[in-house]
Amino acid sequence: MIDIRKLDKNSNSMAIVTAISHESPLSSISSIEHELVSAFGDYFSGEVLFDLACSNGLEWNRFVAVKIMDGSLKLNSARVVETNELSKELLSQQAVFFKANAESMNDSVLTEEQILSVQQD
């Protein structure tokens with residue numbers, strides 16, 4: 001399961017794709033591209049941020065950024081984004097999101113302690 005949200009204009013990325021189960025959203029690229037095109041239009045280009053906490057855990061590769069050109073994700077552009085590169089506002093929004101989706105997180109790779117940790121802003 002995933003969630004896709006538009007990000008504000010102050011962010012380097014246009015949207016965030018959040019995994020809310022143990023399954024990595026990177027295995028569902030075509031459906032993510034379809035949802036992004038529906039939200040942004042056929043010629044959407046920029047960067048999409050993936051929060052993989054539920055599928056990768058709180059590891060060095062929790063956040064990954066991928067370029068998108070004309071609605072197509074360019075996986076060869078994928079790069080790990082360090083938590084300290086992200087705004088405190090975005091991390092706070094993610095904590096609120098995880099609090100609101102607490103039940104879904106039971107199907108993640110996170111321990112109960114880690115779930116509580118990602119829900120802290």
Side-chain angles (χ1 to χ4, degrees):
M1 292 176 34
I2 62 166
D3 177 78
I4 298 176
R5 297 185 326 273
K6 290 182 182 182
L7 295 176
D8 65 33
K9 294 178 183 174
N10 296 332
S11 175
N12 291 335
S13 299
M14 304 290 292
I16 186 162
V17 177
T18 304
I20 49 177
S21 76
H22 67 276
E23 295 178 33
S24 173
L26 296 174
S27 63
S28 305
I29 292 300
S30 60
S31 63
I32 292 170
E33 289 172 337
H34 178 73
E35 287 188 49
L36 289 168
V37 166
S38 294
F40 291 99
D42 291 332
Y43 301 105
F44 169 53
S45 294
E47 189 173 74
V48 176
L49 185 65
F50 288 78
D51 184 344
L52 306 174
C54 289
S55 58
N56 289 1
L58 303 181
E59 299 295 329
W60 60 274
N61 60 347
R62 173 182 173 181
F63 293 99
V64 174
V66 178
K67 291 185 190 281
I68 187 166
M69 297 182 80
D70 298 328
S72 178
L73 287 163
K74 305 300 179 192
L75 294 180
N76 62 346
S77 72
R79 66 180 179 84
V80 172
V81 178
E82 300 285 335
T83 304
N84 63 6
E85 294 178 59
L86 301 172
S87 71
K88 289 183 183 189
E89 180 182 348
L90 176 60
L91 294 172
S92 180
Q93 289 171 1
Q94 286 302 97
V96 169
F97 173 82
F98 285 128
K99 282 180 194 173
N101 291 280
E103 279 189 38
S104 297
M105 295 184 70
N106 291 332
D107 190 28
S108 74
V109 300
L110 299 172
T111 65
E112 283 186 42
E113 184 178 299
Q114 289 172 322
I115 290 172
L116 293 173
S117 172
V118 297
Q119 293 174 341
Q120 302 293 317
D121 26 270

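- Hydrophobic clustering (ILVMFWY, side-chain heavy atoms < 4.5 Å, transitive): Val66 and Ile29 are in one cluster.
- Annotation: the span from Asp51 atom CG to Arg5 atom CZ amounts to 8.5 Å, rounded to 0.5 Å.
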Dump the intermediate steps for side-chain contact (heavy atoms from CB on, under 4.5 Å) on Val64 and Asn56, then the final yes or no.
-> CA-CA 11 Å; Val64 174; Asn56 289 1; 5.5 Å; no
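- Following chains of ILVMFWY side-chain contacts shorter than 4.5 Å, one cannot reach Leu58 starting from Val109, and the two form parts of different hydrophobic clusters.
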Between Phe50 and Ser24, does a side-chain contact (heavy atoms from CB on, under 4.5 Å) hold up when you go through it step by step?
-> CA-CA 10 Å; Phe50 288 78; Ser24 173; over 6 Å; no
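- When the shell of 6.0 Å around CD of Glu112 is examined, it contains 12 or fewer heavy atoms from other residues, nucleotides or ligands.
- Here CD1 of Ile16 is found 3.5 Å from CD of Gln94. Values are rounded to the nearest 0.5 Å.
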Verify side-chain contact (heavy atoms from CB on, under 4.5 Å) between Ile20 and Ser108, making sure each step is shown before the conclusion.
-> CA-CA 7 Å; Ile20 49 177; Ser108 74; over 6 Å; no
Assess whether side-chain contact (heavy atoms from CB on, under 4.5 Å) is satisfied between Leu26 and Leu52, documenting all intermediate values.
-> CA-CA 9 Å; Leu26 296 174; Leu52 306 174; 4.1 Å; yes
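- For the atom pair NZ (Lys67) and CE (Met14), the distance works out to 12.5 Å, reported to the nearest 0.5 Å.
- Each of Val17 and Met69 belongs to its own hydrophobic cluster when Ile, Leu, Val, Met, Phe, Trp and Tyr are linked at side-chain heavy-atom distances under 4.5 angstrom.
- Going from atom OG of Ser55 over to atom CD1 of Ile2 covers 11.0 Å, rounded to the nearest 0.5 Å.
- Hydrophobic clustering of Ile, Leu, Val, Met, Phe, Trp and Tyr side chains at less than 4.5 Å, counting indirect connections, keeps Val48 apart from Val37.
- Side-chain atoms of Leu49 and Phe63, non-hydrogen and from C-beta on, do get closer than 4.5 Å to each other.
- Between Arg79 atom CZ and Glu47 atom CD the span is 4.5 Å, to the nearest 0.5 Å.
- Note: Asn101 CG to Asn106 CG = 11.5 Å, rounded to the nearest 0.5 Å.
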